[in-house]
Amino acid sequence: MRSIWAVVWLFVFGPALGSAQGTAGGGSTTGRTALTIYNQDFAVIRTPVELNLQAGTTDVSETNVTAQVEPDSVVLRDVTGKRQIQILEQNYDGALRVQAQMLAKFEGKTIDFATPMSDGTVRLVQGKIIRAGYVPQFDLVQRYGQNYFYQNQQASQQQEPLIEVEGKLRYGLPGTPRFPSDTPGLTLRPTLHWLIASDRAAKVAVELDYITRGFRWDAAYNVIAPAQDGPAGQRLDMSGWVNVTNESGMDFPDASLQLMAGDISKLVNANGGMGVMGGAVAMASISVAGGQPQQISQKSFDDYHLYDLHRSATLLDHQSKQIEFLNVLGIPAERVYVYDGFKLDAQNGQNIYYQWNQENFGNGMNRKVWIMQEFKNSDANHLGMPLPKGRMRFFRRDVDGSLQFVGENTIDHIPKDEAVKVYLGNAFDLTGERTRTDYRSEMQARIIIESYKIVVKNAKDTTAPVRVVEHLYRTVNWDVSKNSDPFTKTDSQTMEFNVDVPAHGQKEVNYTVTYTW
């Protein structure tokens, strides 16, 4: 009977999908293996397999799967759509990873134990395994996460092996167990077993698709600023790296890499394993094949963006590999100083909603001036390619040519023609002060009037352009009746003053705001 998941995947992977029954082996063909890697520790694997089917039913085993495969995600399909693959039954045997799993296979049986003697010799002792002890369920840990692991830690400490030796029971092993080499069901690699039905004998080239954990990728950007800005302003050089990590238990040689970035929803359980994930997610696609390095290309794909690096690479198990996908020189940019002096001190755990009409609301002060690096992701700025989210590091050249690290932060996915804004830290030689100079409240008349003085001090040898940001949080209705400098209203409760602070001097900004409700 075809399982529910197979029916669901039928609609995803096409009409060739079937459920899948003699004796034969399944081996990988010489075709291309492809991976779609998501940065949430999972991937979709697509690998070619050749089935030697007999008329009637055939037992097929396939070991070309990762150690963290999700068995119920498996799909076998004839990619040509000419033949339906009918899987009657599937079994998954994970690799024997630890001694306890092997002991469990011999519960109720007698085996030899090698016991070292004081004279350096080894004595063989026969022991009957009454209880193997705690056997870790790796598949359940992967499915249900760390909560399952912690809940079973106590059980693992209490359930010691129980062995009968010379008619007496003892806890713990009497020595190193020696298992027969012809142990039935011994699985050294993760293996999928299928019982496949066929109306005739045939060799069928199919594709094996499944979801596995153990893969992730992210992007990293290294940005270099010159020692001195030129007459045309600041110019940045930027290189982009893809960092791909393989912890799947399987090697992938000669992989040509593609990346796909977008916001993708992934369902996971609520126990710490795969749970509901939202937000920005990125994908990387790898195809096992050779190829010569070429310039990166990018195109829109569905509602996402596909990056083709035209770059072959080998991704081994437990290996992290970095591949450059972006190298751009001379990006016009601006270094911006931002003073946001508003600091909300929550009183008795109350939020803004409960504090807006209190006299001391918004009287806290932040003294730090932020350093922001900003540029536009446009063709005119030698970019214009959608940038996948990741870490962006900034360096500046010293006068002697050496590089110095000056800050880093993360960026979200940046579409074409959108601004890139990165916070790098707080300026050493710039400080700010924000002081309320007047306050008047007439609650019956539903009016609050207050005035502020903002002072930015500059200890640098050059003039510093500073963006002074003010948040008008008390009510939605407000009006600035007096202001020392022009301002821009950026949203319904924020305004900005763009001022120049002279070298070794200061700049004072004043304004009065009236709130009504």
Side-chain angles (χ1 to χ4, degrees), residues 5 9 13 26-29 31-49 61-76 90-98 101 136-146 148-149 187-194 207-219 241-261 264 266-269 272-275 277 281-289 309 311-323:
W5 62 263
W9 281 75
F13 288 98
S28 294
T29 68
R32 173 175 295 183
T33 295
L35 302 82
T36 299
I37 302 176
Y38 301 69
N39 65 350
Q40 292 172 287
D41 194 31
F42 73 96
V44 175
I45 310 294
R46 298 175 298 279
T47 187
V49 174
S61 297
E62 176 59 49
T63 60
N64 192 24
V65 294
T66 70
Q68 300 191 54
V69 57
E70 295 183 11
D72 55 359
S73 70
V74 167
V75 175
L76 272 183
Q90 173 181 287
N91 295 295
Y92 170 71
D93 290 331
L96 295 176
R97 306 188 194 181
V98 294
Q101 292 176 302
Q137 303 294 324
F138 294 103
D139 58 333
L140 295 181
V141 172
Q142 291 171 7
R143 181 179 293 270
Y144 297 113
Q146 291 301 313
Y148 177 86
F149 173 78
T187 306
L188 299 181
R189 288 184 55 83
T191 305
L192 288 168
H193 303 278
W194 298 303
E207 183 178 272
L208 167 62
D209 304 324
Y210 61 90
I211 294 176
T212 177
R213 299 192 66 177
F215 287 94
R216 64 180 181 273
W217 84 275
D218 51 34
W241 293 85
V242 173
N243 183 41
V244 183
T245 302
N246 177 12
E247 295 177 350
S248 67
M250 185 173 172
D251 296 338
F252 291 88
D254 298 325
S256 61
L257 182 62
Q258 290 182 310
L259 306 177
M260 192 181 296
I264 303 163
K266 179 70 172 79
L267 296 180
V268 291
N269 67 62
M274 302 292 286
M277 297 182 181
V281 180
M283 301 188 297
S285 296
I286 299 177
S287 298
V288 175
L309 304 184
R311 171 73 160 80
S312 64
T314 294
L315 188 60
L316 303 178
D317 184 33
H318 295 294
Q319 184 181 62
S320 178
K321 183 178 293 292
Q322 293 75 44
I323 302 174

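Quick caveat: nothing in here was measured; it's all calculated off a predicted structure. Position 1 is the first residue of the sequence; numbering continues from there.
The shortest side-chain heavy-atom distance between Pro190 and Asp93 does not fall under the 4.5 Å cut-off. When side chains are defined from C-beta on, Met250 does not count as touching Val65, because their heavy atoms never get closer than 4.5 Å. Looking at Phe252 and Val244, their side chains never come closer than 4.5 Å, going by heavy atoms from C-beta outward. Inter-residue side-chain proximity for Gln322 and Asn243 is flagged as met; some heavy-atom pair is nearer than 4.5 Å. A heavy-atom distance below 4.5 Å is not found between the side chains of Gln319 and Asn246.
Judged by distance alone, with hydrogens and angles left aside, the side-chain atoms of Glu62 form a donor-acceptor pair with the main-chain N or O of Asn64 at under 3.5 Å. Remark: the backbone N or O of Leu316 is not paired with any side-chain donor or acceptor of Asp251 at under 3.5 angstrom.
The closest side-chain donor-acceptor pair between Ser248 and Thr66, if any, does not fall under 3.5 angstrom. One side chain, Arg46 or Thr36, offers a donor N or O that lies under 3.5 Å from an acceptor on the other.
To the nearest 0.5 Å, the span separating CG on Asp209 from CD on Glu207 amounts to 4.0 Å. Put simply, NE2 on His193 and OH on Tyr92 are 10.0 Å apart, with the number rounded to the nearest 0.5 Å.
For the side-chain contact (heavy atoms from CB on, under 4.5 Å) test with Leu35, the passing option among Ile45, Thr212, Leu315 is Ile45; the others fail.
Here the closest heavy-atom approach between residue Glu247 and residue Gln68 is recorded as O-NE2, 2.7 Å. Taking both residues in full, the closest heavy atoms of Ala43 and Phe215 are given as CB-CD1, 3.6 Å, listed atom of the first, atom of the second, then distance.
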Report task. Would you please test Val74 and Trp194 for side chain to side chain contact (heavy atoms under 4.5 Å, CB included) and show each step? Result -> CA-CA 11 Å; Val74 167; Trp194 298 303; 4.1 Å; yes
